Structure formats: structure tokens, C-alpha cells
There are 2 protein chains.
Amino acid sequence: MSAHTSRRERLRQATLEEIHAAARKLLVERGSAAVTINAVARQVGMSGPALYHYYAGHDELVGAVTADFFRELAAVMEQARDVRADAPIGDRILAVCRAMRAWATTHPAEFGWIFASPIAPPNRRPESVRHQAAVRFERVLLDLMIELWRTRPFPVPDPDGLPASLREQVTAYSAAIGGRLPPEAAHVFLSCWIRLYGLLCMEVLHQLDFAYTDLEPVFEECLRELAVTVGIDYHAAA
Amino acid sequence: MSAHTSRRERLRQATLEEIHAAARKLLVERGSAAVTINAVARQVGMSGPALYHYYAGHDELVGAVTADFFRELAAVMEQARDVRADAPIGDRILAVCRAMRAWATTHPAEFGWIFASPIAPPNRRPESVRHQAAVRFERVLLDLMIELWRTRPFPVPDPDGLPASLREQVTAYSAAIGGRLPPEAAHVFLSCWIRLYGLLCMEVLHQLDFAYTDLEPVFEECLRELAVTVGIDYHAAA
DNA sequence: CTAGATTGCTTAGAGTCATTAAGGAAACAT
DNA sequence: ATGTTTCCTTAATGACTCTAAGCAATCTAG
């Protein structure tokens, strides 16, 4: 499937990497509006339309670069998980969340780009590289929560206490993840996800600048609450 | 200060309104990328450069339209508050939050535009119309929380339990709002704000589509938690 | 009521962007 | 050695931002 590494293929891969690097450089240095086909091509040393041999258009380039970011973010989180493969599950969860924020804050342009850039219809299709990479990212924490649920189930709300509409939706989601979390546990996971990811989202989009200059302690507070919610030990970063 | 309503001034105001309406129409019908100087001018029936007599450029037009949206959102929230001027403070808080989400979900393009559109440097300046309108929006819930704090103080964490950095920041924010909430209470307010606004932010940016089709019950759940946090009675919408 | 300034618009034009089309040259396969 | 594929170029279209120059209607003052 993979290494049909002809000379041509290798050159093509190298060019693709150069293109992605150029796009990223433009994004970081001059903002998302600067990531244009022409500007990227100029940066790489080709002229304009040459890029169409690599991507069908601007949307596809954007999707590919976004997928890169998702993959890099997921890799950072997976690494935080794997270097502690023998640590308690709670520690690994905290480490993964911190790795997520660390990447977000050290790469604000990239992280902001991930959700603030409008998702073109082709990139919405489940088979798009962007979507695949996003799923991989989302699964890192999900898998850990599944492991936690299996080894040390956390307290869940009474499903009958949830509104019918919500119960239906978390049940559908529970099925979508292969039933590896029951609906009530899926609900708890989603609540945690919303809090963590939502906080980062607001931080990077500068929606909290009016009150905070540094959201690290706010994030830690959020982690502390998460720890209580899913019954793991909170302790500060190593 | 205001009604220097010369004939010219009135015409100018009418044109400005027409411009804003055209920009909004384009945003809603064809997405944020369609809101260009040229397209807006065409819609209004002028040709291109004429718009520069009204706005210095694209950024300023975007800022003005964004300010419109903030003002409309704030007005809807203020109205939800004022039609219940005699209701218990807790009811008014819930009503204002629901009004915020109702506007967000009935005007997803506008609400998304509010934070997903990059904030050009000129619109970051505190004296910009965009910033002024954003402040008015943020103050609606803040003022109610201040009233709640004055009439029926809610439980607050021990300030000594907060990390030093966080304590400093909420203290600064407390001062910035004229000390109308002490730092610990400001911290509680900000936590609530982050949860509510963050949830809407994620909803509108389609960051939760992978799990939910309708976030209304999730938002209500969030309101229920908020009610517990600040000690008001939760009950479903009227 | 009539000059002079102001205001609201126009067209022209420079520079950028996305995208398509047409063609040349290098690399590859047979 | 030849024909195909691949990579890249230039040319061209149409849209966009924004500046410049200029005309005409409207206000302001005398």
C-alpha cells in the first residue's frame, strides 16, 4: 500500500512537505488570510498554478494543513500518554489534557486555525484527511476515558434524570463509539470534553482577554473539577 | 451630542443601515467570505469604491457589522431581563442566558461571525465600536450577577485556596469592574461565563456535531449546574 | 441668491487572488 | 529511442482591495 518509493514519489513527498511548511509559516507569521495559493507557491519558489498539481484548490490545501495540525496535536497527546504507559490512568488523563493545552498555547495560530477557519464542504466529508485526523485527535481522550471506565468506573448520573432528548443523543453517541461507554458514561465524558476543549477554544479565540492574561491556572482548575467528576486523583504537573 | 439630524445626516444614516443590512444578508445567505466591499456595494446599488466614503476599508466594515450583532444580542438579553423586572433575580439570570442562546441558535451566522471572524487590530482598540458593543454584551450577565451577589451572596471558594496567579488575575478583574464583585465572587462569575459562552461557542463552530444534533438540553444542563453554583432556583423555561 | 466648500458618487487603474488553459521540458517506462 | 507521464511555466479571466482623479448635487456664507 505504502512504500512505492520511486524517485518521483520521494520528490513529490518532499515538495508536499515544503508546501505545508510554507503554508504554516505564512499562517504563523502573517495570519490565516495570508495563506493563499499564490503566497504559498511564491514561498516554495514555484509560481501560482503549479500548486494545482498538488491540491485541487485552496480548500483542499487548507484541509491538508488542518489535518497536519490535528495529527501533530494528536501525536503530542499520544506521546504524553505513552511515556507514562505504566502510570495510573488518572495521571495519564491529566497529562494528556495538559499536553493538549501546551500544544494549543505554544501554537496558537495553528490551534485557532483548527476551529476558527470555516470548514469547506469537501473537508466535512468523513473520508477527508481533515476529518480523519480530527477523529484521531478526539479519540485520544475518549480511549483513556474508556479505559478508566473499564478499570475504575466513575460515578454517573441516573439516566432517568436526564431529559429525554439528551438521553437519546448520548445513547446514539454511545452506539457510535461501539458501546464502549454506556450512555450515562458517554454523557460524563462529553461534559468533560466540552469544558476542556471549550475553554481552550475561548482562550485561543481571545474571548477571555477581558479578564485573564494567563489561563494556565484556570485550566488547572478545570482539570481539578474534571478529576473530581471522574474520580481520579488530581495533582499538579510533574 | 446626538440629533444633529440635518437632511444629509439622515440620508447618510439611511445608507449606513442599508449597507449593514446588505452585509448581513450576504453573510447569512452566502457565508462570511461573501461579505466583501464590492459585493456589499453591488447589493446596495453603488459601485465599489463608494463604500470608502462610509468605511475606511474592509476591516472597519467588518467591525461595524460585528458591533451591530453584539448590540442586537445585548438588546435581546436586556429585554429578557427587563420584561421580568419584578421576577426573582434567579429567574432573570436564567431568562437572560436562554435569550442569549436563543439568539445564537436563530442567528448562527451572526453569532459565529462574532468570534470566528479574526479581530483586526483596529477593532481591538478599546474605543472601537466593536469593543464597546462587546463590553455592553458582556455586562448584561455581569450586572445581574452583581445584583445577585448584593441581594443574596452565593457561596465562594476560599481565596487562599486559589493558586496565586489566578488570585491575582481575578483580583485585577474585580478592580476592573469597580470592585462590585470581590475577587472570589468574580472568579465564580467568570467560571459560569466560560461554561455558558464556551458551550455556545463550540456549538456554533460545529465542534460538537460529532456527538450532538441538538444542544438545547445540554445548555439546560449547564444552566442547572450554574443555578446550583450560585444558589438560585433552576426551573425550565416558561 | 449665488460663490465656495463639502459630500456622494463615478470611472480608471495598480496590485493581489483563485482558477483554467495551453504548452515546454525533464523523467520515466518499454 | 520513443512515447507517456509528470512538473512546471506563462497567459488570461474575473473578482477583490484600495487609491486617485473628477463630476455633480448639496450645503454654507456672504
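The structure displayed is predicted, hence computed values, not measured ones. Every chain is numbered from 1 and lettered A, B, ... according to where its sequence line falls, protein lines coming before strand lines.
- Atom CZ of B:Arg124 is surrounded by more than 12 heavy atoms from other residues, nucleotides or ligands within 6.0 Å.
- The interatomic distance linking A:Met46 (CE) with D:dT9 (C1') rounds to 12 Å, in whole Å.
- Rotation axes derived from the C1' atoms of the five outermost pairs at either end of the helix from C:dC1-D:dG30 to C:dT30-D:dA1 lie 10° apart, to the nearest 10°.
- Closest-nucleotide positions on DNA chain C for A:Asp59 and A:Leu11 were compared, and the one nearer the 5' end corresponds to A:Asp59.
- More than 12 non-hydrogen atoms from other residues, nucleotides or ligands lie less than 6.0 angstrom from CZ of A:Arg12.
- Between B:Arg24 and B:Glu72, at least one side-chain nitrogen of the basic residue sits less than 4.0 Å from a carboxylate oxygen of the acidic one, meeting the salt-bridge criterion.
- Nucleotides of DNA chain D nearest to A:Gly45 and B:Val35 differ in position, and the one nearer the 5' end is that of A:Gly45.
- Electrostatic pairing of A:Arg81 and A:Asp143 does not count as a salt bridge here, judged by no charged N lying under 4.0 Å from a carboxylate O.
- Distance CG (A:Leu51) to P (C:dA21): 18 Å, rounded to an integer number of Å.
- Within the 4.5 Å cutoff, side-chain heavy atoms of B:Pro163 are placed close to those of B:Leu166.
- With sequence neighbours excluded, no residue forms a ring-ring contact (aromatic ring centres under 6.0 Å, His included) with B:Phe219.
- Within the 4.0 Å cut-off from OP1 or OP2 of D:dC7, not a single side-chain nitrogen or oxygen of A:Tyr52 is found.
- Using a 4.0 Å cut-off between charged side-chain N and carboxylate O, B:Arg195 and A:Glu225 make a salt bridge.
- Side-chain rings of A:Tyr197 and A:Phe137 approach one another, their centers coming within less than 6.0 Å.
- Inter-residue side-chain proximity for A:Ile194 and B:Leu199 is flagged as met; some heavy-atom pair is nearer than 4.5 Å.
- Between A:Glu216 and A:Arg98 there is no salt bridge, since no side-chain nitrogen of the basic residue lies less than 4.0 Å from a carboxylate oxygen of the acidic one.
- A salt bridge between B:Arg92 and B:Asp82 is absent, with no side-chain N of the basic residue lying under 4.0 Å from a carboxylate O of the acidic one.
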Please produce a list of atom pairs where a protein N or O lies less than 3.5 Å from an N or O of nucleotides 10-16 of chain D.
| residue | atom | partner | partner atom | Å |
| --- | --- | --- | --- | --- |
| D:dC16 | OP2 | B:Arg42 | NH2 | 2.5 |

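- When rounded to the nearest whole Å, the span between CD of B:Gln13 and P of C:dT7 equals 14 Å.
- In this structure B:Glu78 satisfies the side chain to side chain donor-acceptor pair (under 3.5 Å) test together with B:Arg136, sequence neighbours excluded.
- One can place CD of B:Glu60 at 11 Å from P of D:dC18, the figure rounded to the nearest angstrom.
- Looking at heavy-atom distances under 4.0 Å, B:Tyr55 makes no contact with the nucleic acid at all.
- Counting only heavy atoms from C-beta outward, the side chains of A:Phe111 and A:Thr106 never approach each other to under 4.5 Å.
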Hey, what are the protein-to-nucleotides 3-6 of chain D N/O distances that come in under 3.5 Å?
| residue | atom | partner | partner atom | Å |
| --- | --- | --- | --- | --- |
| D:dT5 | O2 | A:Arg8 | NH2 | 3.4 |
| D:dT6 | O4' | A:Arg8 | NH1 | 3.3 |
| D:dT6 | O4' | A:Arg8 | NH2 | 3.3 |

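- Non-hydrogen atoms lying under 4.0 Å from DNA chain C are contributed by nothing in residues 15-33 of chain A.
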